[in-house]
**Student:** 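I have a structure here, written as structure tokens, and I will follow up with some questions on it.
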Amino acid sequence: MSTKLADLAEKLKIPVKDLKEKITSLGFDITPRARVIEDDVAELVLDELKSKKEEETKGPEDVAEIYDEIIAEEREREIVKSQRKQKAGKTDTKKSDVKVNREEKVEIDTSKPIEIPESITVKEFGEKTGIKIAKIIGELMKNGILANINQQIDFDTAQIIADDMNVKIKRKRSVAGVEELMAGDISKLLQVDDPSDLKERPPVVVVMGHVDHGKTKLLDSIRETDVVAGESGGITQHIGAYQVEKKGKLITFLDTPGHEAFTSMRARGAKATDIAILVVAADEGVKPQTIEAINHAREAGVPIIVAINKMDKPNANPDKVKGELAEHDLQPEDWGGKTVMVPVSALRGDGIDTLLEMVLLTAEMEDLKANPDREAVGTVIEAHLDSNLGPVATILINTGTLKIMNNVIVGQTYGRIKLMRDHNGKPLRIAGPSSPALIAGLAKTPKSGDILQVVANEKIAKQRSEEVILQTKQESEEKMSGMDTVISTVKSEKILRLVVKADTKGSLEAIKQSVAKIKDEEVAVKIIHSGVGSVNKSDVMMAAASGGIVAAFHTDFDSPYVDKTADREGVEVKKYTVIYALLEDIKKILSGLLDAEIVRKVLGRAQIKQIFLTKKKEMIIGGKVLSGKLQNKAKFDILRGKDEEGEDKVAGEGRITSLRKVDKEVKEIGEGNDCGMKVNSDIPIEEGDIFEVYIEEEKHRTL
Ligand code: GDP
């Protein structure tokens, strides 16, 4: 939808000419004869004016208000117009005079459900559904919610009103719950697309291997094959990832060699890579970190392509390398196995083309797809504070297309994409699936592994990031012990994963054999990585990424720093001096001895004074806190009447799904206060019922 330039200029008290200049200076094409601008652009101009606090205009709040007024009036007019046209059987296809990269707004079409986000203001809800604002406020009031036009209502509330008004709405997908964002669980976000919307996307490749085997050199050598970079004078920016073109197809490389970045991202639940290139020096063969890398890739379920590097060296012995890799279950293709092994020389550039072809071939078999026509979801590859640009982050787009000026939440922070660049430092307006992009415009510096998600506006972005911060705080207060993660993995996946480090090869073999003998009908015990030596960061991160534990036999942490990492990541590192003790601990985990104990903690009591709305299992009610406090999402027993012994009788149970104080959504509410609640319960609630509100806490146990 659009805003009239003349209206905006008049209210801002600047000439239309100046306004047009402003718009041009912001990088939008505007024709001299343009009369209207898109809402996004109007918003941008206002942002700009706000930030400069120009004296000749009104104050920033007034500016925002004026803007809201104009937009509201304009939208009102458009809604009326489109409704009229719909009645007349025509559709309104008027376009704005300014072209800007944005999604088309949906016309109000009552035959299809209207998409409503998780949270929406009364005003926006009215605009989207065509329901009169006064009507919405009235309906909310009927349901015991006092709301004004700018009040945020959640989807469930919107649904109740829409049902009453016979308007079909559906939940707008792709906005992840705070819990999902926190857990870094993007799998849900990536699954919601209709298969017909999915298109091929470039593979994302990570290069791993032992130190000095040539990972950095290989990444540089591959980058040099990129014609596009060559054309721009080869001035490249290390942003943590880059793309090259091969046979008209793109390949994305993570530019941070080594599996540390890869595993720390995976430990946060992000699956950022599709293919791993394992670099093995032809003159040295398989080394400890080669094995680590193999295990990391295997655990992540990522296919491995081997690059046998340094083939130019006189003592290069690829057959010996192949033999050693075969011992670790990587059988070369030319020996009848399945693993692609390409001899290369990163130094001379030999074999790079073949390697890239093999990457494309593997990608083809993996059938990598994403939906470019949706709001972007991405993963932070790296981030830092830039002296000029402020917080900047390299985002790898998992699905969708990220556009300049998109509002985003990223981990615990949020912002608006004010600037976007590719690895050549070239400005980008959009970035599609598998593309790496450097972005600026965030309020704070995010962490690698954080998830980026596009949201409708800055308000929602801010609100969501506040929710995330609150949740993080709560989580760190009641931090899950490492054992809980392990136990939940054992329960859900039926595998207990171990990383075993031992002082000698002999004791390591003895441990492996003893562990293999443990028989459990349900759960498999799997050593995901083992080695001789002290416990290093990679061991810890590997256990973190797969929900396992580290067993150190007659050995200790590599450094106090590793100890700290284990603590931070919540990884249990157990030291043993006898194998028997290790086996006992494994049995304890398997026999459920370490399951967390659930303890009920009563928070308070409330009396129900009014029932506003009853809907199948959901009710909106009003009450007063008699003692203690109420907490959103807490459970309750419904106390009604007394038994023979004069004790309260429990008539049913339920859960608070939303808690309000006057007209504000709150997390908790204290004694003596009136409150509004949305609840789910197994029996209908009656006036006069007492709620005994409680939460369930898990009591953690450790080995
Ligand atoms: P990384 O630790 O795995 O990243 O290894 P680097 O890429 O830093 O390489 C380690 C050393 O090996 C450097 O001195 C490189 O110049 C050298 N190197 C890398 N690739 C080759 C190669 O193909 N042939 C030869 N002769 N040397 C190489």
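When a ligand or atom number is given, it counts from 1 through the structure's own listing order.
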**Student:** Quick one: look at Met311 and ligand 1, take heavy-atom pairs under 4.0 Å, and tell me if it's side chain, backbone, both or neither.
**Tutor:**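 Answer for Met311: neither.
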**Student:** Given 3.5 Å as the limit, does a donor-acceptor pair link the side chain of Asn309 with the main chain of Ala346, or not?
**Tutor:**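 Indeed, once roles are kept as given, a pair shorter than 3.5 Å links the two residues.
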**Student:** Taking all heavy atoms of Thr399 and all of Asn371, pick out the closest pair and write down the distance.
**Tutor:**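 Taking Thr399 first and Asn371 second, the nearest heavy atoms are OG1-N, 3.1 Å.
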**Student:** Run the numbers for me: atoms of ligand 1, each under 4.0 Å from some heavy atom of Ser345, listed by number.
**Tutor:**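 Counting from 1, the qualifying ligand atoms are 23 (O).
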**Student:** From the options Lys217, Lys310, Gln289, select the one whose nearest heavy atom is closest to atom 12 (O) of ligand 1.
**Tutor:**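 Checking each option, the heavy atom nearest atom 12 (O) of ligand 1 is found in Lys310.
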**Student:** Is it the case that ligand 1 has an N or O less than 3.5 angstrom from some N or O of Leu218?
**Tutor:**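 Such a contact does not occur with ligand 1.
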**Student:** Specify side chain, backbone, both or neither for Asn309, according to which of its non-hydrogen atoms lie closer than 4.0 Å to ligand 1.
**Tutor:**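 Asn309 to ligand 1: side-chain contact only, backbone stays beyond 4.0 Å.
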**Student:** What are the atoms of ligand 1, with element, lying closer than 4.0 Å to any heavy atom of His210?
**Tutor:**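 Listed by number with element: 3 (O).
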**Student:** Hey, could you give me the CG/CG distance between Leu347 and Asp220, rounded to the nearest 0.5 Å?
**Tutor:**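 Between Leu347 CG and Asp220 CG, I get 11.5 Å after rounding to 0.5 Å.
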**Student:** Around atom CD of Glu200, are there more than 12 heavy atoms from other residues, nucleotides or ligands closer than 6.0 Å?
**Tutor:**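 It does not: Glu200 CD has 12 such atoms or fewer within range.
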**Student:** Kindly identify the option in Asp212, Val207, Asp220 whose heavy atom sits closest to atom 2 (O) of ligand 1.
**Tutor:**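 It is Asp212 whose heavy atom sits nearest to atom 2 (O) of ligand 1.
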**Student:** Rounded to the nearest 0.5 Å, what separation is found between the CE atom of Met358 and the NZ atom of Lys246?
**Tutor:**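 Reported value, rounded in 0.5 Å steps: 10.5 Å.
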**Student:** Considering only heavy atoms, does His213 approach ligand 1 within less than 4.0 Å through its side chain, its backbone, both, or neither?
**Tutor:**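 Under 4.0 Å from ligand 1, His213 contributes backbone atoms alone.
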**Student:** Does an N or O anywhere in Lys313 fall below 3.5 Å from an N or O of ligand 1?
**Tutor:**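 No, no N or O pair falls under 3.5 Å.
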**Student:** Should we say atom NZ of Lys338 is surrounded by more than 12 heavy atoms from elsewhere, each under 6.0 Å from it?
**Tutor:**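 Counting neighbours around NZ of Lys338, 12 or fewer heavy atoms of other residues, nucleotides or ligands fall under 6.0 Å, so no.
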**Student:** With sequence neighbours left out, what residues match His213 under ring pair (Phe, Tyr, Trp, His ring centres under 6.0 Å)?
**Tutor:**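 Listed in chain order: His210.
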**Student:** Do any nitrogen or oxygen atoms of Gly214 come within less than 3.5 Å of a nitrogen or oxygen of ligand 1?
**Tutor:**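 Looking only at distances, the answer is yes, because the N/O contact criterion of under 3.5 Å is met.
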